[in-house]
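Below is one structure, written out as C-alpha cells; the observations come after it.
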Amino acid sequence: MRIEAITNHPAQLQNAINKAFKDNDLKTWSVKKNDKMEDRYTHTGQWEDKAIIKPELLTKKMTFTVIGWENNPPNEATKGYYLGRFTEILMVHFRNYFNHLETYA
C-alpha cells in the first residue's frame with residue numbers, strides 16, 4: 001500500500017516532514033534508519049515497528065510505501081492502519097505542500 005503526494009515541489013514536502021520530525025511536532029511518529037541509513041517512518045506506542053513507511057522523492061511527487069522490517073511483512077490490516085494514519089498526518093500538517101493525495105492498495 002502506498003500514498004502519492006502529487007506536488008510541483010517534492011523536496012519542500014520532504015524538508016517540511018523532516019523538520020517536523022526533528023522539532024518533535026509529530027508526537028505519535030518517529031524516524032528510524034535502516035541498515036543503509038535511509039529514513040523510515042514508524043508509528044509509536046502500541047503500533048511501533050509493526051510496519052514502516054518508506055518515503056521516496058520522485059519528480060512531481062513524493063511516495064510513502066507501507067512495508068515491513070526486513071523479513072517481517074505487516075498484515076493487510078496493519079498496512080491499512082499505517083496508510084490511514086499517515087494520510088491524516090499529511091492532510092493535517094502538510095496540506096500546503098501538495099496538490100492532492102492518491103492512495104493505492
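Transitive grouping of hydrophobic side chains (ILVMFWY, heavy atoms separated by less than 4.5 Å) brings M62 and L26 into a common cluster. V66 and L101 fall within the same hydrophobic cluster, defined by Ile, Leu, Val, Met, Phe, Trp and Tyr side-chain heavy atoms under 4.5 Å apart, directly or through other members.
Two residues are said to be in side-chain contact when any heavy atoms from C-beta on lie closer than 4.5 Å; H9 and F98 fail this criterion. The side-chain heavy atoms of R40 and V31, taken from C-beta on, include no pair separated by under 4.5 Å. Between F94 and I89, the closest side-chain pair of non-hydrogen atoms falls below 4.5 Å. You'll find the side chain of N18 reaches within 4.5 Å of the side chain of D39, heavy atoms only. Considering only heavy atoms from C-beta on, E4 stays 4.5 Å or farther from T103 through its side chain. A 4.5 Å side-chain heavy-atom check between T63 and L58 finds at least one atom pair inside the cut-off. W47 has its side chain within reach of T78: a pair of non-hydrogen atoms, C-beta onward, lies under 4.5 Å apart. In this structure, K60 and I6 have side chains that are not in contact, with every pair of non-hydrogen atoms separated by 4.5 Å or more.
How far CZ of F86 is from CD1 of I53: 5.0 Å, rounded to the nearest 0.5 Å. Here OG1 of T65 is found 10.5 Å from NZ of K79. Values are rounded to the nearest 0.5 Å. Taken to the nearest 0.5 Å, the OG1 atom of T7 stands 6.5 Å off from the CG atom of L13. Put simply, NZ on K50 and CG on N72 are 9.5 Å apart, with the number rounded to the nearest 0.5 Å. Expressed to the nearest 0.5 Å, how far OG1 of T42 lies from CD1 of I52 amounts to 7.5 Å. The OG1 atom of T59 sits 11.5 Å away from the CG atom of N8 when rounded to the nearest 0.5 Å.
At least one donor-acceptor pair closer than 3.5 Å links the side chain of T44 to the backbone N or O of T28. At least one donor-acceptor pair under 3.5 Å links the side chain of N15 to the backbone N or O of A11.
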Going through the checks in order, is the side chain to side chain contact (heavy atoms under 4.5 Å, CB included) test met by L90 and I17?
-> CA-CA 9 Å; L90 292 171; I17 292 169; 4.0 Å; yes
Kindly indicate, with the supporting measurements, whether the criterion salt bridge (Lys or Arg N to Asp or Glu O under 4.0 Å) is fulfilled by D49 and K32.
-> CA-CA 10 Å; D49 292 334; K32 295 189 177 185; 3.0 Å; yes
Let me see the working for E76 and M1 under side chain to side chain contact (heavy atoms under 4.5 Å, CB included), right down to the final yes or no.
-> CA-CA 9 Å; E76 294 302 305; M1 293 183 186; 3.4 Å; yes
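In the displayed structure, Y97 atom OH is contacted under 6.0 Å by at most 12 heavy atoms of other residues, nucleotides or ligands. A 6.0 Å sphere centred on NZ of K22 holds no more than 12 heavy atoms belonging to other residues, nucleotides or ligands.
The distance between the ring centers of H43 and Y81 falls below 6.0 angstrom.
Residues D25 and K19 are not paired through a salt bridge, judged by the lack of any N-O separation under 4.0 Å between the basic side chain and the carboxylate.
R95 approaches M91 most closely through the heavy-atom pair CB-O, 3.4 Å.
The aromatic rings of Y41 and F21 lie tilted to each other, with the angle between the two planes from 30° to 60°.
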